[in-house]
Amino acid sequence: MKTEHILIIRFSAIGDVAMTVPVVYSLATQYPEVRITMLSRPFAKPLFENLAPNVGFMEADIKGEYHGIKGLNALYRRLIAKNFTAIADLHNVLRSDYLRLRFNLDQYKVAHINKHRSDRRKLIQQNSKVLEPIQSAFDNYAEVFSDLGYPITYNFKSLFTAEQASLRQLAPAIEEKKAFQQWIGIAPFAAHKGKAYPLNLMEKVIDGLVQRHPSCRIFLFGGGQKEKQQLEEVSKRHKNCSVVPSLLHNLHDELVLMQHLDVMVSMDSANMHLASLVATPVVSVWGATHPYAGFMGWNQKMDNAVQLNMRCRPCSIFGNKPCQRGDYACLTAIKPDVIINKVEENL
């Protein structure tokens, strides 16, 4: 009898891929006899390489080697050699749609995500807005596996055990955590302006936290070179700050550090989801977007979401639309003390 082997497709940004982890883990542990291969972009490998014995990772450089129709055809030929028995498309965009079409034509068992676009439109429309929670991304993913005949119950807690997350494996500059210290992560950036709390206000948050906890350590998280430079400037102006991308140079090590934080402050962005995967409480700041869109971090409390009640928000599912008011008041009007007090509740 042919071994059951599920291909899972999700190519997108790191935060979206991170949200698949609790679902894939639950699937893998509840169906240990089923092989699972996660197909994603190379940066996502640390999220899956030790997730479960029956989970493998296959990287696809869709902007290079597998770019365009010719590249996707080459990728498809590589995939069919793996003898998959079911295909789970957790992305449902042009690239994954094309691969799904090829699998359908060859009569594979295929299912794809329902993004509930009509509910999303109602949530962000300016007239007759329907401000109600829609189905979470986690449930959207789980629904795909149920359609394939693999219903699941969530059982994911963290990527690491305490032993796997030892600080001794990190750069010496991280040091051991002292019993009297509070370790606080701050990830002030997001892909779009409508999701990023102004950096000058976040610096006031840092000052307030250090005043209340003089022995605390503030770990600043960011992505590219420009963000790293900005964080370096912030660290020069404020005590107790360490710039994580200057100390650690891979995703695995950042995740290990996140597990030792007492709390993370993040936007609606990748770092919210990454911290959630190691069971760290997140104080999340929401501007143009809203937790009701289904993108709250795994097992995070709605009480920890900092947001303003404004008639115009949410105005965007992904935060990529320009502010209709022009002033981004949904973010600029959030007082630093509100974030500081919410961090205090989690310390």
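As the structure is a computational prediction, the values presented were derived from the model and not from experiment.
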Over all heavy atoms of both residues, which pair between L201 and T332 is shortest? Give the atoms and the distance, please. CD1-O, 3.7 Å
Side-chain contact, heavy-atom cut-off 4.5 Å: L247 with D253? no
Side-chain touch P245/L220, heavy atoms, less than 4.5 angstrom: no
Could you tell me how the ring of F103 sits relative to the ring of Y76: parallel (under 30°), tilted (30 to 60°) or perpendicular (over 60°)? perpendicular
Side-chain contact, heavy-atom cut-off 4.5 Å: L123 with L131? yes
With a 4.5 Å cut-off on side-chain heavy atoms, are V265 and V306 touching? no
In Å, rounded to the nearest 0.5 Å, how long is the span from CD1 of I14 to CG of L47? 4.5 Å
OG/S242 to CZ/F221 distance, rounded to the nearest 0.5 angstrom? 10.0 Å
Minimum-distance pair of heavy atoms, taken over all atoms of E175 and W183: O-CH2, 3.7 Å
Checking R217 side chain against K177 main chain: does a donor-acceptor pair fall under 3.5 Å? no
Evaluate L51 against F57 for side-chain contact (heavy atoms from CB on, under 4.5 Å), listing each step before the verdict. CA-CA 10 Å; L51 190 61; F57 183 82; over 6 Å; no
Regarding Q300 and S284, is there a side-chain donor-to-acceptor distance under 3.5 Å anywhere? no
Give, for atom OG of S316 and atom NE2 of H290, the distance between the pair rounded to the nearest 0.5 Å. 13.0 Å
Taking S96 for its side chain and D89 for its backbone only, find out whether a donor-acceptor pair lies under 3.5 Å. no
For K122, look at atom NZ and say whether over 12 heavy atoms of other residues, nucleotides or ligands are found less than 6.0 Å away. no
So which atom in A288 and which in C330 form the shortest heavy-atom distance, rounded to 0.1 Å? N-SG, 3.6 Å
same_hphob_cluster(Y25, M258) at 4.5 Å side-chain heavy-atom cutoff: yes
Is there side-chain contact between S12 and R41, with heavy atoms separated by less than 4.5 Å? no
Check whether more than 12 heavy atoms from other residues, nucleotides or ligands sit under 6.0 Å from atom CZ of R35, and answer yes or no. no
Nearest-0.5 Å distance, CG of residue N346 to CG of residue N304: 4.0 Å
Would you indicate whether R237, at its atom CZ, is surrounded by more than 12 heavy atoms from other residues, nucleotides or ligands within a distance under 6.0 Å? yes
Could you tell me the separation between the CD1 atom of I184 and the OG1 atom of T280, rounded to the nearest 0.5 Å? 12.5 Å
Is the backbone of V34 close enough, under 3.5 Å, to the side chain of N54 for a donor and an acceptor to pair up by distance? yes
Find out whether M19 and F138 are in side-chain contact, i.e. whether some heavy atom of one side chain is under 4.5 Å from a heavy atom of the other. yes
Considering all heavy atoms, the nearest D147-A111 contact: CB-CB, 4.0 Å
Give a yes or no on whether the backbone of Q125 and the side-chain of K129 come within a donor-acceptor separation of less than 3.5 Å. yes
Taking it one step at a time, do R325 and D327 satisfy salt bridge (Lys or Arg N to Asp or Glu O under 4.0 Å)? CA-CA 6 Å; R325 293 167 46 114; D327 59 0; 2.8 Å; yes
Is a side-chain donor or acceptor of Y31 paired with a backbone partner of P151 at a separation under 3.5 angstrom? yes
Any side-chain heavy atom of M38 sitting closer than 4.5 Å to one from K45? no
Same apolar cluster: L347 and F219, side chain cutoff 4.5 Å: no
Would a single hydrophobic cluster contain both W286 and M310, if residues Ile, Leu, Val, Met, Phe, Trp and Tyr are joined by side-chain heavy-atom contacts under 4.5 Å? no
When rounded to the nearest 0.5 angstrom, what is the spacing between CD in E254 and CG in L170? 10.0 Å
Should we count CD of E33 as having more than 12 external heavy atoms under 6.0 Å? yes
Flag side-chain contact, heavy atom, 4.5 Å: V144 against I8: no
Taking it one step at a time, do I317 and T289 satisfy side-chain contact (heavy atoms from CB on, under 4.5 Å)? CA-CA 6 Å; I317 295 297; T289 59; over 6 Å; no
Applying side-chain contact (heavy atoms from CB on, under 4.5 Å), run through N92 and D97 and close with a yes or a no. CA-CA 6 Å; N92 194 9; D97 289 351; 2.9 Å; yes
Partner of V205 by side chain to side chain contact (heavy atoms under 4.5 Å, CB included), out of V210, I339, V285: I339
All heavy atoms of L72 vs all of L99, minimum pair found to be O-CD2, 3.8 Å
For atom CG of N309, is the number of surrounding heavy atoms from other residues, nucleotides or ligands below 6.0 Å larger than 12? no
Can you hop from F48 to L27 via hydrophobic side chains spaced under 4.5 Å? yes
Looking only at heavy atoms, the pair that brings V17 and A44 closest together is CG1-CB, 3.7 Å
List the steps, then state whether side-chain contact (heavy atoms from CB on, under 4.5 Å) holds for E143 with D139. CA-CA 6 Å; E143 200 172 65; D139 290 345; over 6 Å; no
When you measure from the side chain of S269 to the backbone of A190, do you find a donor-acceptor pair of N or O atoms at a distance under 3.5 Å? no
Checking the side chain of S158 only, and the main-chain atoms of F160 only, is there a donor and an acceptor separated by less than 3.5 Å? yes
Does any N or O in the side chain of K115 come within less than 3.5 Å of the main-chain N or O of H91, such that one atom is a donor and the other an acceptor? yes
Counting neighbours of CG on L105 that are heavy atoms of other residues, nucleotides or ligands and sit closer than 6.0 Å, is the number greater than 12? yes
Is the side chain of Q126 donor-acceptor paired with the backbone N or O of C312 at a distance under 3.5 Å, no angle test? yes
Using only atom types and a distance under 3.5 Å, with no angle test, would you say the side chain of R313 pairs donor to acceptor with the backbone of G287? yes
Hydrophobic cluster membership, L308 vs F295, 4.5 Å side-chain cutoff: no
Does a donor on one side chain sit under 3.5 Å from an acceptor on the other, for H213 and E344? yes
